[in-house]
Amino acid sequence: MSSRSSALYRASAFVLVALAVFNGAPAHAQDVDAPRPIDGFDTVWIEEMTWMEVRDALEEGMTTAIVGTGGVEQNGPYLASGKHNFVLQATAEAIARELGDALVAPIIKLVPEGSIDPPSGHMRYHATISVRQETFEAMLTDVLGSLAAHGFENLVLIGDSGGNVRGMENVAAALNGAWADRPARVHFIPEYYTEDIYSCDYLKEELDIFQQPDECVATRDEYHDDYHYSSIMATVDPNTIRADQRMESGLFSINGVDLAPVERTIENGRRLVVYRAGITARAIRRAIAGND
């Protein structure tokens with residue numbers, strides 16, 4: 001075949017494939033009922049699973065999907081701007097495994113953080129990325145709609161930041177109204193965030209951690225940081241709390257609590273993850289039972 005003929009052949013093949021996709025018929029569509037040829041991978045994260053693994057999990061009763069909303073914002077000089085997203089990496093997985101019949105959707109990492117122009121709220125600080133309220137709610141609506149279309153019946157919304165609440169409440173109410181005759185239900189679980197907010201009681205009563213000032217607020221001192229967030233983030237990656245750099249500078253503490261050795265902080269973070277997962281799993285079970 002000449003080079004000209006070869007080029008024409010490739011061009012024709014491309015056109016045929018493009019037309020097939022455009023008409024909604026992929027050129028090499030896989031049978032949706034085809035058996036899975038290999039063993040599954042041990043994960044609860046939908047984005048880490050193949051489509052066959054998700055399909056088979058649904059058939060085996062894994063019909064709850066957790067959608068976590070985080071954020072990218074300023075958190076002081078020591079914590080990565082994706083603080084809420086890193087926390088959800090730990091807590092969402094722990095919640096799913098505690099429930100036993102749940103998978104986790106990709107974290108919604110971008111949320112309303114303040115006006116973009118002119119900048120307000122967290123948008124006054126570099127690294128913050130904000131989206132409009134309507135953008136946030138549209139994203140949630142489409143993600144939940146996708147999960148419902150695949151057969152997930154209990155769609156769980158949890159938010160690691162107080163600014164995400166209104167959008168999650170709005171979307172849950174709207175979809176539950178629109179889906180009155182469908183099996184899927186959306187459950188917004190405020191307890192994830194509000195029950196023992198920032199784990200203030202647990203830290204004192206179970207871990208013997210006493211922060212100063214003794215105020216259960218997001219910013220006890222001048223930073224948007226506390227022991228609860230730092231220790232949970234450390235379980236994902238100590239670099240997200242700049243452990244090495246802070247130890248070298250003699251600044252590895254928060255609210256009067258020493259974070260060294262980092263191994264102890266990580267272990268406390270793991271205990272906090274289990275604690276938060278227990279709170280949330282109980283609330284999810286109550287919400288689902290209330291709709292039965």
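The first residue of the sequence shown is numbered 1, and numbering continues consecutively from there.
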Item checked: Where V262 and A243 come nearest, the two heavy atoms and their spacing -> CG2-CB, 4.4 Å
Check: Are the side chain of N164 and the backbone N or O of V111 linked by a donor-acceptor pair below 3.5 Å?
Finding: no
Margin query: Per the ring-ring contact (aromatic ring centres under 6.0 Å, His included) rule, what does the pair list look like for residues 80-103, sequence neighbours excluded?
Written below: H84-Y229
Next item on the list: Start with the C-alpha distance between V156 and V67, add both sets of side-chain angles, then the distance that settles side-chain contact (heavy atoms from CB on, under 4.5 Å), and finish with yes or no.
Entry: CA-CA 6 Å; V156 173; V67 178; over 6 Å; no
Item checked: Same apolar cluster: F136 and I129, side chain cutoff 4.5 Å -> yes
Check: Would you call L259 and R246 a side-chain contact if the rule is heavy atoms closer than 4.5 Å?
Finding: yes
Next item on the list: Provide the closest heavy-atom pair for I241 versus S230 in the form atom of the first, atom of the second, distance.
Entry: CG2-O, 3.6 Å
Check: R185 side chain to N154 main-chain N or O, any donor-acceptor pair under 3.5 Å?
Finding: no
Note to self: Going by disulfide bond (SG atoms under 2.5 Å apart), name the pairs with one or both residues in residues 84-168, residues two or more places apart or in two chains.
What the structure shows: none
Notebook entry, point to check: Would you call D244 and M247 a side-chain contact if the rule is heavy atoms closer than 4.5 Å?
Noted result: yes
Next item on the list: Keeping the roles fixed (side chain from D101, backbone from G61), state whether a donor-acceptor pair exists under 3.5 Å.
Entry: no
Notebook entry, point to check: Any sub-3.5 Å donor-acceptor pair from E53's side-chain atoms to F41's backbone N or O?
Noted result: yes
Notebook entry, point to check: Taking only residues two or more places apart in sequence, or in another chain, which ones meet E153 in a salt bridge (charged side-chain N to carboxylate O under 4.0 Å, His left out)?
Noted result: none
Next item on the list: With sequence neighbours left out, write down each residue that passes salt bridge (charged side-chain N to carboxylate O under 4.0 Å, His left out) with E93, or none if nothing qualifies.
Entry: R97
Check: Transitive ILVMFWY cluster of M123 at side-chain heavy atoms under 4.5 Å: who else is in it?
Finding: I116
Margin query: Taking the side chain as everything from C-beta on, heavy atoms only, tell me whether L58 gets closer than 4.5 Å to M62.
Written below: no
Next item on the list: Apply side-chain contact (heavy atoms from CB on, under 4.5 Å) to E60 and list each qualifying residue two or more places apart in sequence or on a separate chain.
Entry: D56
Note to self: Ignoring hydrogens, what is the shortest heavy-atom contact between Q211 and Y227? Give both atom names and the distance.
What the structure shows: OE1-N, 3.0 Å
Item checked: Within-4.5 Å side-chain heavy-atom neighbours: I95 and I158 -> yes
Note to self: For the CD1 atom of I254 and the CD1 atom of I209, what is their distance to the nearest 0.5 Å?
What the structure shows: 12.5 Å
Margin query: Given 3.5 Å as the limit, does a donor-acceptor pair link the side chain of T64 with the main chain of A102, or not?
Written below: no
Check: Do we see a donor-acceptor contact under 3.5 Å between the side chains of N255 and Q212?
Finding: no
Next item on the list: Name all pairs fulfilling the disulfide bond (SG atoms under 2.5 Å apart) condition that reach into residues 159-194, sequence neighbours left out, sorted by first residue then second.
Entry: none
Check: Taking all atoms of both residues into account, what is the closest heavy-atom pair of Q133 and P112, and its distance?
Finding: OE1-CG, 3.4 Å
Next item on the list: Please name the pair of heavy atoms, one in T235 and one in A90, separated by the smallest distance, quoted to 0.1 Å.
Entry: OG1-CB, 3.9 Å
Note to self: Quick check on the hydrophobic clustering: are M52 and I46 connected, directly or via other members, by side-chain heavy-atom contacts under 4.5 Å?
What the structure shows: no
Note to self: For E134, is there any backbone N or O sitting under 3.5 Å from a side-chain donor or acceptor partner on R132?
What the structure shows: no
Check: Side chains of F188 and V165: does their closest heavy-atom pair fall under 4.5 Å?
Finding: yes
Next item on the list: State the CZ-OG1 distance between R242 and T240, to the nearest 0.5 angstrom.
Entry: 7.5 Å
Next item on the list: Enter the distance from N268:CG to S231:OG here, rounded to the nearest 0.5 Å.
Entry: 6.5 Å
Note to self: Within this structure, what is the CD-CG distance for the pair E215 and D226, rounded to the nearest 0.5 Å?
What the structure shows: 12.5 Å
Next item on the list: Would you indicate whether the side-chain heavy atoms of M139 and I108 approach each other to under 4.5 Å?
Entry: yes
Check: Is the CG atom of D39 crowded by more than 12 outside heavy atoms at less than 6.0 Å?
Finding: no
Check: Is D225 reaching over with its side chain to a backbone N or O of N75, donor-acceptor style, under 3.5 angstrom?
Finding: no
Next item on the list: Taking the side chain as every heavy atom from C-beta outward, state whether V72 and N85 have any pair of such atoms under 4.5 Å apart.
Entry: yes
Note to self: Return the CD1 to OG1 distance between I66 and T280, rounded to the nearest 0.5 Å.
What the structure shows: 8.5 Å
Next item on the list: Would you list the pairs meeting disulfide bond (SG atoms under 2.5 Å apart) in which at least one residue belongs to residues 135-205, sequence neighbours left out?
Entry: C200-C216
Check: What residues form a ring pair (Phe, Tyr, Trp, His ring centres under 6.0 Å) with F210, not counting sequence neighbours?
Finding: none
Check: Is there side-chain contact between R285 and E98, with at least one heavy-atom pair below 4.5 Å?
Finding: yes
Note to self: K109: which residues meet the salt bridge (charged side-chain N to carboxylate O under 4.0 Å, His left out) condition with it, sequence neighbours left out?
What the structure shows: none
Margin query: So does Q74 get a backbone contact from the side chain of T128, meaning a donor-acceptor N/O pair under 3.5 Å?
Written below: yes
Checklist line | Pair listing, side chain to side chain donor-acceptor pair (under 3.5 Å) test, anchored in residues 188-200, at least two apart | finding: T91-Y192, D160-Y192, Y193-Y198, D196-Y275, S199-R276
Item checked: Contacts of type salt bridge (charged side-chain N to carboxylate O under 4.0 Å, His left out), residue D214, not counting sequence neighbours -> K204
Check: Can any side-chain N or O of E73 pair as donor or acceptor with the backbone N or O of S81 at less than 3.5 Å?
Finding: no
Check: Quick one: do I197 and M233 end up in the same hydrophobic cluster if we chain Ile, Leu, Val, Met, Phe, Trp and Tyr together by side-chain heavy atoms under 4.5 Å apart?
Finding: yes
Next item on the list: State plainly whether one hydrophobic cluster holds both L79 and Y125, where clusters connect Ile, Leu, Val, Met, Phe, Trp and Tyr through side-chain heavy atoms under 4.5 angstrom apart.
Entry: no
Notebook entry, point to check: L140 and M168: side-chain contact (heavy atoms from CB on, under 4.5 Å), yes or no, with the steps?
Noted result: CA-CA 8 Å; L140 286 178; M168 292 185 291; 4.0 Å; yes
Note to self: Working note: R270 + V273, criterion side-chain contact (heavy atoms from CB on, under 4.5 Å); need CA distance, chi angles, decisive distance, verdict.
What the structure shows: CA-CA 5 Å; R270 288 175 178 147; V273 168; 5.5 Å; no
Checklist line | Steps toward side-chain contact (heavy atoms from CB on, under 4.5 Å) verdict (H122, H224) | finding: CA-CA 10 Å; H122 289 303; H224 195 202; 3.6 Å; yes
Next item on the list: Measure the spacing between OG of S130 and CG of L110 and express it to the nearest 0.5 Å.
Entry: 9.0 Å
Checklist line | Heavy-atom pair of closest approach, residues R182 and A148 | finding: NH2-CB, 3.9 Å
Check: Is the side chain of T43 donor-acceptor paired with the backbone N or O of W45 at a distance under 3.5 Å, no angle test?
Finding: yes
